[in-house]
Chemist: 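Shown below is the structure under consideration.
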Amino acid sequence: MAAGQYRSAYEQSLQDPEGFWLEAARAVHWTKPPGSALDDGDAPLFRWFPDGELNTCFNALDRHVEAGRGEQAALEYDSAMLGVRKTYTYSRLLDEVARFAGVLRSQGVGKGDRVVIYMPMIPEAVIAMLATARLGAVHSVVFGGFAPAELAARIEDATPAVVVAASGGIEPSRRVEYLPAVAEALGLSDHEVTSVIVKSRDGFAAAAADYGGQWLDWDEQMAGAEPAAPVPVAATDPLYILYTSGTTGSPKGVVRDNGGYAVALTWSMKNIYDVGPGEVMWTASDVGWVVGHSYIVYAPLLAGATTVLYEGKPVGTPDAGAFWRVIQDHRVKALFTAPTALRAIRKTDPEAAELAKYDISSLRTLFSAGERLDVDTYEWAGRILGVPVVDNWWQTETGWPICANPRGLEPLPPKAGSPTFPVPGYDLQILDGLGEPVPAGTEGNIVLKLPLPPGTLQTLWNNDARYISSYLSAFDGYYATGDSGYRDEDGYIFVMGRTDDIINVAGHRLSTGAIEQVLAQHPAVAECAVIGLADALKGQRAAGFVVLKAGAQVQENELVKELVALVRRRIGPVADFKQATVVEALPKTRSGKILRKTMRQIADGEEYVVPSTIEDASVVDELVPVLRQAGQRG
Ligand code: COA
Ligand code: AMP
């Protein structure tokens, strides 16, 4: 185990969490400082800083302007899609956020009301998030790659007063019109919103005016807007809801608080990411994901740093040098991206010849998360960039890293394939299925002893029961991460994969159960299984195996096209579902459970053991060649 700063911070955080986090809370501006750290009166639900009051937007913006840093860049918008760049100083961002908060207020949005944001990577998305936070309201950002039905499910659950949208997003191959999707989602949902506010972008067919009086134009509203002051809220009040895939078709609304999140993110910027005031962090994700919420928007701004908002891809916009160009142009100190983006660059430019065109001397560290950082990619990135490559493991639910190499606190010797050690605040243990600790080197369920540190989820929106049954019931006194892994003899953690039906496609979290629900809606499909197959570029890809209804008259290639279109239509292009195969039967246990894990192991060419509970072993024998072929199609 490592000695020194890390070890003593980690031990203190577990032995005296109250002392540790009250000390960290001093870095945040409170309208009423917290007198105590943890409220455990409602265990297993916990609240941090129960008597503290603050405004998260004030901490992200006003505070830095008041400290005299108004002219420093807060946000650098860099659109590789449009070839446009725009700098927002802290003063300018504050002005726009305060005025948009005024617009939301004029639509009746107040403390605790929800605002759904469906926008691409444009500054207005960040402005809408911060403006919502300024009013003490609660945002829920929905990623643009989701289809109307997914947007509708989130509107239905979050019951927002207002939806904020843009007229569209730009993908390399096409322009994605957002407004028809918003209109369809509102039609699918029973919930009525007060208004839809639309940021109009050039080159899109639809505009707010096409949809009637409830639909308002962003620019027109901003022209006459009165700035709104920050509204202090309880530290325990929600800042946002972020929906993420569960194992069923209905997404889980992860609830994040204000106070704990501000404290944890501020701590993480200094101690993990080593980025401070005036320094530049670029997180190449999307504001629709947790990585975007935490490390594009809130954390860099809470720290008084500059954040880069990049609208583009790692390759093809225009080439595999795009990331290096952004590092050079914005003097990026810390780049945070997903392994799939690095693999995409490597595939196009294996020797990183593009790098020679740029000066990336500002770069100190490459952070990677979203999926397991494979050893090949880790070594390649370290070799071409010549800086430490730091894997960090976490999830939408936790909001900030569970395991990382704390570069600011104490850089620890890295180990390929490992996100290093548990971060202070997380009491990480590895348990077998019966809840007993496993020895070093043995894989088991990665769990976190309750209470979780500040910044992690409080509960699921309007659904404490689902929070408890999904996360807190499997191992008494622990939060189950849903990941399996092991701790090696030196204490390094290795995260190996999910224990449930969640898969990770290009760093995007998807539920195979949700895709199965869509396939099952096809009239020719009797039953189906969706599994995540290993994919050299995207980590995993979803593949469907369907059994036809007796007498169904369909051509397999036509059916596959229809199934692909159905998933795209119901879940969205983000599912990236392209592969389906008709099979005679699916392997099942005698109790009817489909053996998805065995199917995946066969397809990926791994060793497999057919469980003794199998109903009919000959089904597996017949499937082996089909699965092997499916596995090789990547
Ligand atoms: N709005 C609408 N559609 C979107 C979208 C958005 N915001 N984001 C992606 N899509 C679409 C894409 O256009 C694509 O559609 P297509 O099937 O018509 O081509 C589909 O969803 C799949 O997209 P993607 O998974 O991004 O695949 P890709 O082949 O276009 O790009 C990568 C591959 C690796 C370059 C890309 O996935 C990438 O940059 N990944 C990094 C992901 C990331 O940062 N994740 C955050 C986790 S921290
Ligand atoms: P999301 O909630 O979308 O961030 O996805 C979280 C899940 O992605 C985790 O539970 C892991 O399965 C996986 N994941 C994210 N980061 C890593 C990482 N650094 N190493 C391994 N798996 C990761």
Side-chain angles (χ1 to χ4, degrees), residues 1-28 30 33-52 235-236 257 259-273 392-394 397-413 418-431 435-440 444-458 471-472 475-481 485-493:
M1 274 279 180
Q5 291 280 78
Y6 161 74
R7 177 85 351 234
S8 73
Y10 187 69
E11 278 167 9
Q12 197 216 337
S13 77
L14 299 196
Q15 280 157 15
D16 176 21
E18 301 239 357
F20 185 88
W21 291 113
L22 277 176
E23 175 61 28
R26 288 155 54 93
V28 166
W30 302 86
S36 66
L38 185 67
D39 173 6
D40 57 5
D42 202 13
L45 306 181
F46 297 89
R47 299 282 182 272
W48 284 95
F49 311 114
D51 58 349
T236 55
D257 67 0
Y261 193 51
V263 171
L265 292 186
T266 304
W267 188 92
S268 75
M269 284 299 282
K270 184 166 189 280
N271 291 287
I272 298 177
Y273 298 99
N392 51 125
W393 166 63
W394 45 297
E397 290 85 345
T398 66
W400 65 292
I402 307 168
C403 282
N405 197 333
R407 298 293 302 171
L409 182 63
E410 179 190 1
L412 300 168
S418 166
T420 322
F421 292 145
V423 166
Y426 289 97
D427 187 349
L428 184 153
Q429 303 192 18
I430 301 187
L431 305 181
E436 294 299 321
V438 299
N445 301 286
I446 313 184
V447 299
L448 306 170
K449 193 157 187 284
L450 295 173
L452 297 175
T456 52
L457 81 169
Q458 282 185 319
Y471 300 97
L472 308 183
F475 303 97
D476 198 26
Y478 295 91
Y479 166 91
T481 63
Y486 65 93
R487 198 191 292 263
D488 77 2
E489 297 289 345
D490 300 320
Y492 284 75
I493 304 297

Chemist: For the atom pair OG1 (T420) and CH2 (W393), what is the distance rounded to the nearest 0.5 Å?
Modeler: 12.5 Å
Chemist: Please give me the minimum heavy-atom distance between L409 and P424, naming the atom from each residue.
Modeler: CD2-CG, 4.3 Å
Chemist: Taking the ring centre of each residue, are W400 and Y426 less than 6.0 Å apart?
Modeler: yes
Chemist: Q458: what forms a side-chain hydrogen bond (donor to acceptor under 3.5 Å, both in side chains) with it, not counting sequence neighbours?
Modeler: none
Chemist: Could you go through I493 and L428, starting from their C-alpha distance and side-chain angles, then the distance that decides it, and tell me whether this counts as side-chain contact (heavy atoms from CB on, under 4.5 Å)?
Modeler: CA-CA 9 Å; I493 304 297; L428 184 153; 3.7 Å; yes
Chemist: Who pairs with D488 by side-chain hydrogen bond (donor to acceptor under 3.5 Å, both in side chains), at least two apart in sequence or on another chain?
Modeler: K415
Chemist: Mind checking side-chain contact (heavy atoms from CB on, under 4.5 Å) for P50 and listing every partner two or more places apart, or none if nothing turns up?
Modeler: S36, D39
Chemist: Under 3.5 Å, side chain of Q5 to main-chain N/O of E410, donor-acceptor pair present?
Modeler: no
Chemist: Taking all heavy atoms of A404 and all of V423, pick out the closest pair and write down the distance.
Modeler: N-CG2, 3.7 Å
Chemist: Cut-off 3.5 Å, no hydrogens considered: what does the side-chain donor-acceptor table look like for residues 445-456, sequence neighbours left out?
Modeler:
from: N445; atom 1: ND2; to: L431; atom 2: O; distance (Å): 3.1
from: T456; atom 1: OG1; to: P453; atom 2: O; distance (Å): 2.6

Chemist: Any donor-acceptor pair under 3.5 Å linking the side chain of N271 with the backbone of G408?
Modeler: no
Chemist: Any chance you could lay out the side-chain contact (heavy atoms from CB on, under 4.5 Å) test for T236 and F49, step after step, and finish with the verdict?
Modeler: CA-CA 7 Å; T236 55; F49 311 114; over 6 Å; no
Chemist: If you compare all heavy atoms of P422 against all heavy atoms of R487, which two are closest, and at what distance to 0.1 Å?
Modeler: CG-NH1, 4.4 Å
Chemist: Could you tabulate the donor-acceptor pairs under 3.5 Å formed by side-chain atoms of residues 13-24, not counting sequence neighbours?
Modeler:
from: S13; atom 1: OG; to: Y10; atom 2: O; distance (Å): 2.7
from: S13; atom 1: OG; to: G425; atom 2: N; distance (Å): 2.8
from: D16; atom 1: OD1; to: G19; atom 2: N; distance (Å): 2.9
from: E18; atom 1: OE1; to: A37; atom 2: N; distance (Å): 3.3

Chemist: For a 4.5 angstrom cut-off between non-hydrogen side-chain atoms, does L412 reach F421?
Modeler: yes
Chemist: Find the distance between CD1 (I272) and CH2 (W394) and round it off to the nearest 0.5 Å.
Modeler: 9.5 Å
Chemist: Examine distances only and state if a side-chain atom of D42 and a backbone atom of F46 form a donor-acceptor pair shorter than 3.5 Å.
Modeler: no
Chemist: Are the side chains of R407 and Y273 in contact, using a 4.5 Å heavy-atom criterion?
Modeler: no
Chemist: N392 side chain to C403 main-chain N or O, any donor-acceptor pair under 3.5 Å?
Modeler: no
Chemist: Can you list everything that forms a side-chain hydrogen bond (donor to acceptor under 3.5 Å, both in side chains) with D427? Sequence neighbours excluded, please.
Modeler: Q429
Chemist: Report the C-alpha distance between W48 and V263 in whole Å, list the side-chain angles of each, state the deciding distance to 0.1 Å, and finish with yes or no for side-chain contact (heavy atoms from CB on, under 4.5 Å).
Modeler: CA-CA 10 Å; W48 284 95; V263 171; over 6 Å; no
